[in-house]
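Report on the following structure.
Each ligand, and each atom within it, is numbered from 1 in the order the structure gives. Quantities reported herein were computed from a predicted structural model and do not represent experimental measurements.
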Amino acid sequence: MTLAQKRDLISIEDLTNDEIEEIFRIADGMLPENRSSLGSSVVANKIMATLFYEPSTRTRLSFESAMQRLGGSVISSPDMKSSSAAKGESISDTARVVSSYADVLVVRHYWDGAAKVMADYAGIPVINAGDGSHEHPTQTLCDLYTLKREKSAELKDLTVVISGDLKHGRTIHSLIYALARFGVHLVTLPAKGMDLPQYVKDKLERDFRYTLAPAPANDLQSIVKKTDAIYLTPSKPNQQALFPEITVDIQIRLQDRIPKIDAFYVTRKQSERMKEEKIGEDDYPKLGSDFLKNKRFTNTVVMHPLPRVDELSYDIDRDKRGIYFKQAAYGVPIRMALLQFLLDKARVNKPPTKTFLAYERPAGLRCSNTNCVTRTEPQSAPLRFETLFKESGRKFVVRCCYCDHQVNVHCVGHTSSKKYWLYEFERFRTVSEWLAAKELAIFESIKQAEELGYKPYKRGPQKKIMDERDIQKALDSMSEAIWKETEDHHRLLLAGIRTKGVFLAKRIAAYLQRKLGHEIEIVEVDLTSESLHKLSPLDSEIDSINVTNRPVILVDDVIFSGITANTAMNIISRLGHFQFIRLAVLVDRGHRTLPVKPVYVGKSISSSEGERVEVLLHETNLTKKDQVVMYSIVNPIEQHTEGLGA
Ligand code: CP
């Protein structure tokens, strides 16, 4: 089998509905009662490798059981900590090597997109057994098959409630795409703060015409009352009920409100994927046996991908509507059928085709997901984005080809002229042409463009909004407030965002040093390389940067969308748990797209999105005197955009 011919299963999107139905037909023949009539399989004498970088009971053991029942054999690394991954071997090298030992590779990994990378390098079919918070397509095959066998052969028009951690749950993400495709009515019931990620909602809307209409937060009664009117029907987009901010028991919320519930799909809190998030006991939906006593739920089955923690009572095990152990048992026939399907040479030339405009190895841009394999192992995963021009929002969005997370493009540039301008929907033709010619640079912020040496296409008239004295006064007052509001001055860490934030951090440090009589540690946050560099004290015997339990002040020149500050905070938080992190900025422009609020602000101004606020500091040699100026960025008119790229 050549690389071009092989068939992988990375996302549930890799299978058409017809193919899923075909796998189910094969699975029927693989059920225990039908296995005695199994003939010889295309899988017989083949070898399956299972590489599990994360723990598993069901997925790995049911795959291994499936392979052995088909007459194949298994080589397994059930805990990759005992493999050469522990010595730092990359996933791309691992995939290359293992594909010369086996005929099919099943992989589970904690990074979003890791299974796709392994598929890109392996010469054999790769099956995703769960990648980070992204997808778990074979669990979805088990779930759909269970619904078909236990509820209705026709999935269309079933109503399924999905509850729990919809944010991190990979089983949920694959499942809702599939349910949407099969025409299932879907009610999402997230735990507090664990709603579906935006990229999943956007994909539902864009690819399956499911439009989300989020109900008002903290207004449970009105949400429940309006449920009939707003819950999702695939045939009528724009109708979906979300149940945000859930704090009480499910049985209270749903009683007598929803006409028909065929299945309740419960999931556990994915604690292993949570960093700073704290969820209270009462904020997570828990299903007890009382729930099933209501007449409304006489025919409602309860499903769970397992393992469970405390969101599903053991009492339900005794009720025939609790079908989660059957669901787990179907893992064997389903995975037997999948192996048979993927290894059947007659099928390998027919993967579903997906064409899109790809933005590859871009200048400047990176995936917005810090757990994406492009961020964690960039040497194996060259950046690749699908470009999506959203006519509705007049936005330019790119979607990571590994993890599906999206980035909103704020400005675009030309790689030769090194000029940027603010993206406008009207220019999307020019952008497409540059993209096709591999001359397009795209940025999520002006800061990102300028740090990479891009200049505005043209400036409008400029006005000064702060002079040298204003800047001095503002910095003094910010420094004084930092001094007063920080208790542990000896452990204080100033983190300046490169480039201007570093100069401002140094000035704040100088003020504090005059007050305190001792040196303040300063680090530079480099967003391009996503790293921290120690700037002072340089003669310190300890080179490494320690943030644990320390008060951290993050310093930047201007805050606008909040993306820069948020990225910088993520970089710092990777080093440990700080005592607190507070943001200090010389100028706050508003227009935040992320909920980031500076604590210390030199000056707040009102400005439009098309304007640029530039802080000029004498350290950068661009001007002798400090000043802050504001000007508009003039975009090229249509006939001049071609010249821009010349
Ligand atoms: N449902 C599921 O993926 O279970 P395991 O983590 O035990 O494989």
Side-chain angles (χ1 to χ4, degrees), residues 9-12 14-15 23 27 48-69 74 76-81 104-115 118 126-147 149-150 160 162-179 263-274 287 301-312 314 316-317 322-339 371:
L9 177 60
I10 305 304
S11 160
I12 195 67
D14 293 333
L15 294 169
I23 290 168
M48 177 179 75
T50 53
L51 305 184
F52 277 64
Y53 292 77
E54 274 191 340
S56 166
T57 298
R58 276 147 293 274
T59 313
R60 184 175 66 81
L61 294 179
S62 62
F63 257 118
E64 295 185 359
S65 167
M67 191 66 182
Q68 292 184 20
R69 286 193 185 282
V74 178
S76 182
S77 196
D79 175 4
M80 289 300 282
K81 285 196 204 86
V104 58
L105 170 57
V106 179
V107 64
R108 169 171 289 187
H109 203 286
Y110 35 81
W111 294 336
D112 299 18
M118 296 186 91
V126 172
I127 300 173
N128 180 8
D131 60 331
S133 298
H134 181 225
E135 285 212 41
H136 191 349
T138 67
Q139 178 64 48
T140 294
L141 293 177
C142 299
D143 299 341
L144 296 181
Y145 189 66
T146 306
L147 272 173
R149 291 196 63 87
E150 305 298 325
V160 177
I162 298 183
S163 78
D165 181 355
L166 311 190
K167 182 176 175 185
H168 305 97
R170 57 193 174 200
T171 60
I172 298 284
H173 301 157
S174 296
L175 179 61
I176 64 165
Y177 300 145
L179 292 178
F264 218 102
Y265 192 98
V266 185
T267 59
R268 81 179 162 94
K269 184 165 39 179
Q270 306 276 307
S271 307
E272 69 273 32
R273 308 207 192 283
M274 295 181 193
L287 202 66
V301 295
V302 178
M303 298 172 70
H304 194 306
L306 302 177
R308 68 178 142 183
V309 187
D310 56 5
E311 66 289 337
L312 180 63
Y314 280 73
I316 299 178
D317 299 0
I323 59 168
Y324 28 90
F325 291 114
K326 276 188 185 170
Q327 190 183 345
Y330 285 134
V332 174
I334 276 293
R335 289 178 172 113
M336 288 170 80
L338 177 67
L339 289 166
N371 195 48

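Residues that satisfy the ring-ring contact (aromatic ring centres under 6.0 Å, His included) test with H304, not counting sequence neighbours, are absent from this structure. Remark: D165 engages H168 in a side chain to side chain donor-acceptor pair (under 3.5 Å) (not counting sequence neighbours). With sequence neighbours excluded, the residues that form a side chain to side chain donor-acceptor pair (under 3.5 Å) with T138 are R335.
Contact of the V160 side chain with the L175 side chain is not registered, since no non-hydrogen atoms from C-beta on lie closer than 4.5 Å.
Between the side chains of E64 and T50, at least one donor N or O lies within less than 3.5 Å of an accepting N or O.
At distances below 3.5 Å, at least one donor-acceptor pair connects side-chain atoms of Y324 with backbone N or O atoms of D317.
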Present, as a list of atom pairs with distances to 0.1 Å, all nitrogen or oxygen contacts under 3.5 Å between ligand 1 and the protein.
unit_1, atom_1, unit_2, atom_2, d
ligand 1, 1 (N), Q139, OE1, 3.0
ligand 1, 1 (N), P305, O, 2.9
ligand 1, 1 (N), L306, O, 2.9
ligand 1, 3 (O), T59, OG1, 3.0
ligand 1, 3 (O), R108, NH2, 3.0
ligand 1, 3 (O), H136, NE2, 2.9
ligand 1, 4 (O), R58, NE, 3.0
ligand 1, 4 (O), L306, O, 3.4
ligand 1, 6 (O), R108, NH1, 2.9
ligand 1, 7 (O), T57, N, 2.7
ligand 1, 7 (O), R58, N, 3.0
ligand 1, 7 (O), R58, NE, 3.3
ligand 1, 7 (O), R58, NH2, 3.0
ligand 1, 8 (O), S56, OG, 2.6
ligand 1, 8 (O), T59, N, 2.9
ligand 1, 8 (O), T59, OG1, 2.6
ligand 1, 8 (O), R108, NH1, 3.4
ligand 1, 8 (O), R108, NH2, 3.2

